[in-house]
Amino acid sequence: MTQQHPAIRIAVVGHTNAGKTSLLRTLTRRANFGEVSQRPGTTRHVESVDLDVNGEAAVRFFDTPGLEDAVALREHLSGLDAQATPPERIRLFLQGPEAHGVFEQEAKVLRIMQGIDAAFLVIDVREPVLPKFRDEIELLNSCARPVLPVLNFVRDAASREPDWKELLSAYGLHVQVRFDAAAPFVGAERELYSDLSTLLRDRREQLRAVVDSLAAEAAERRRAACARIAELLVDAAALRRTVPAEEFADTARRKAFVAALRKDVFDKAQRCTDDLLALHGFRQDDAGEAPLPLIEGRWTLDFFSPEAMKDAGLRLGKGAAIGAAVGVVADLAVAGISLGTGAAVGGAIGGAVSQGWGPFGRKLANRLRNMHELTVEDGVLFAVVAWQLKLTRALEQRGHAATGRIAAETSATQDAPTRATAAAVRAVRPARSHPEWESTGVATRSFWRPAPQRDALAADLARTLQSAFES
């Protein structure tokens, strides 16, 4: 921040293995910050990390080692100058040899406490309230800095939250925040900074800017996530593979084509999953593979889908050949006659294709050449989109301290947002008539010809998908 509004300096303190680094991972959205382990004393040195707002450091956090022997240190402090105030005794201790010897870890914490604006005291509420924790609170209070207790693991069945609240209140720490670092409550960050502002009244405007910035970032992440899922939906709907009829008739070959189609769809879905994880600041292996139901493949021609007929109707004025093609195909389709080798149809289609009759002409021409077109069923599109939406919701509610993977069946507690998903799958049907809209890889999009129609469809789909989060 500017010199007029320097970054707010927050020390994150507490007993060994209380979840200090885990809290910082979640607050800064950096899954790789520090080391999180069940081993006590994982953090041995003070590390700093910034929370940026508009490109500048708004809050500077200091991750500190765990307090290990507060009881002995309290006894040592009681032997120092009896006339000194508690903060003066802390400074005397830091100047003595013990601060570089037996109490080295505690000294690192207390030294940081001398130059910060406030401290987050992280408490594992699963722990019983023991005398050593009282000594830790007294040590921190002796530094004469505002302390905000952060109650961690409050959802755990072993939580002793009432006991901890009683202890904290006994030491004048009445403002407390419930914050599960692995699975934060909705609005927990906002409450954390709002409660901090009651302790730092002169920094209230800065903290309000932090809260507003976090809300704006969350809204932008959701918008970007829905846009990415919409791109996936268009991409998968446009996917089309042409297969000769004789290969289609061979069971083994047909299965191979379906397997290849399945892999193509899976790869597209997995790239989307990886992008969503990166968007929310998680690692690629933080979620399981994107699930995909069995694909049978759509072997229908979709001659008379609304999109194809609309396209045909718009082009009828180009010549009699096109009109003849539509009429002949319609008559034969109604009669149930194969379109394989009809001479009249062949001539009509030849004229239609020569006049550039787009997707409709391609489908008819492929049929005449005894070719089949393989696409993805709507049910698969629904499953793919539903999973990505559930993953997005799960990532929004996941702390960066979480170490378990998000599995397909546990990606969110809510059911899939079926209404928005179904609406999006219905709305994407025009893409089935545009195989040129399919991307073939991560970096392919930049080489496409401009496709305003495709972009407009993707934008509409993204807005539809966002409605899934509004209920």
Side-chain angles (χ1 to χ4, degrees), residues 11-28 31 33-44 61 63-71 74 105-106 109 119-141 147-192 195-196 282 286-287 393-407 409-414:
V12 181
V13 300
H15 193 70
T16 297
N17 223 34
K20 298 181 294 296
T21 302
S22 296
L23 174 68
L24 282 178
R25 283 187 172 189
T26 295
L27 293 179
T28 61
F33 174 75
E35 181 181 354
V36 173
S37 172
Q38 295 299 320
R39 304 191 317 273
T42 303
T43 301
R44 307 302 297 175
F61 294 106
D63 189 18
T64 65
L67 296 169
E68 296 177 347
D69 198 358
V71 175
R74 285 278 299 156
Q105 290 302 102
E106 285 75 14
V109 179
F120 288 161
L121 171 57
V122 183
I123 297 171
D124 182 348
V125 296
R126 300 171 300 183
E127 293 281 351
V129 178
L130 300 176
K132 63 181 179 180
F133 296 123
R134 298 176 183 176
D135 286 306
E136 290 176 4
I137 293 173
E138 291 184 8
L139 274 178
L140 296 172
N141 277 344
V147 175
L148 178 62
V150 179
L151 307 182
N152 201 10
F153 304 109
V154 291
R155 286 192 175 101
D156 196 283
S159 170
R160 294 180 170 88
E161 186 177 350
D163 296 340
W164 278 102
K165 286 187 172 182
E166 182 179 355
L167 175 67
L168 294 167
S169 297
Y171 284 93
L173 301 176
H174 299 285
V175 180
Q176 305 153 9
V177 178
R178 303 173 79 244
F179 195 107
D180 194 313
F185 300 97
V186 175
E189 263 184 309
R190 182 176 62 252
E191 291 184 13
L192 179 69
D195 287 346
L196 181 60
F282 291 98
D286 279 342
R393 191 185 295 273
L395 293 175
E396 290 181 350
Q397 300 173 359
R398 178 181 173 90
H400 287 70
T403 55
R405 301 181 81 198
I406 301 175
E409 53 278 1
T410 60
S411 62
T413 56
Q414 298 87 350

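The analysis underlying the following values was restricted to heavy atoms, covering all of them including side chains, and did not include hydrogens, waters or symmetry mates. Please read all numbers here as calculations on a predicted model, not as lab measurements.
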Run Phe120 and Val177 through side chain to side chain contact (heavy atoms under 4.5 Å, CB included) and show every step you take.
CA-CA 10 Å; Phe120 288 161; Val177 178; over 6 Å; no
Rounded at 0.5 Å granularity, tell me how far [atom1] in [X] sits from [atom2] in [Y].
X: Asp135; Y: Leu139; atom1: CG; atom2: CG; answer: 7.0 Å
X: Asn141; Y: Tyr171; atom1: CG; atom2: OH; answer: 9.0 Å
X: Leu173; Y: Ile123; atom1: CG; atom2: CD1; answer: 8.0 Å
X: Glu189; Y: Thr26; atom1: CD; atom2: OG1; answer: 8.0 Å
X: Thr16; Y: Gln105; atom1: OG1; atom2: CD; answer: 8.0 Å
X: Glu161; Y: Leu168; atom1: CD; atom2: CG; answer: 10.5 Å

Parallel, tilted or perpendicular, as decided by the 30° and 60° cut-offs, for the rings of His15 and Phe133
perpendicular
Ignoring hydrogens and angles, tell me if any N or O in the side chain of [X] forms a donor-acceptor pair with the backbone of [Y] under 3.5 Å.
X: Asp195; Y: Val175; result: no
X: Trp164; Y: Ser159; result: no
X: Ser169; Y: His174; result: no
X: Glu106; Y: Glu68; result: yes

So with a 6.0 Å cut-off around CD of Glu138, is the heavy-atom count from everything else above 12?
yes
Ala158: which residues meet the side chain to side chain contact (heavy atoms under 4.5 Å, CB included) condition with it, sequence neighbours left out?
Arg126, Asp156
What closest approach, in Å, do [X] and [Y] show between heavy atoms, and which atom pair accounts for it?
X: Phe179; Y: Asn152; value: O-OD1, 3.2 Å
X: Leu24; Y: Thr28; value: O-OG1, 2.6 Å
X: Ala70; Y: Glu136; value: CB-CG, 3.5 Å

Option from Val150, Leu121, Asp63 for which side chain to side chain contact (heavy atoms under 4.5 Å, CB included) with Lys20 holds
Asp63
Stepwise, does the side chain to side chain contact (heavy atoms under 4.5 Å, CB included) test hold for Arg160 with Val129?
CA-CA 8 Å; Arg160 294 180 170 88; Val129 178; 5.8 Å; no
Chi angles and distances behind the side chain to side chain contact (heavy atoms under 4.5 Å, CB included) call for Lys132, Leu67
CA-CA 10 Å; Lys132 63 181 179 180; Leu67 296 169; over 6 Å; no
Are any of the side-chain heavy atoms of Val125 and Arg178 separated by less than 4.5 Å?
no
Heavy atoms, side chains only, cut-off 4.5 Å: are Ile137 and Val147 in contact?
no
Apply side chain to side chain contact (heavy atoms under 4.5 Å, CB included) to Leu23 and Val12, showing your working.
CA-CA 9 Å; Leu23 174 68; Val12 181; 4.3 Å; yes
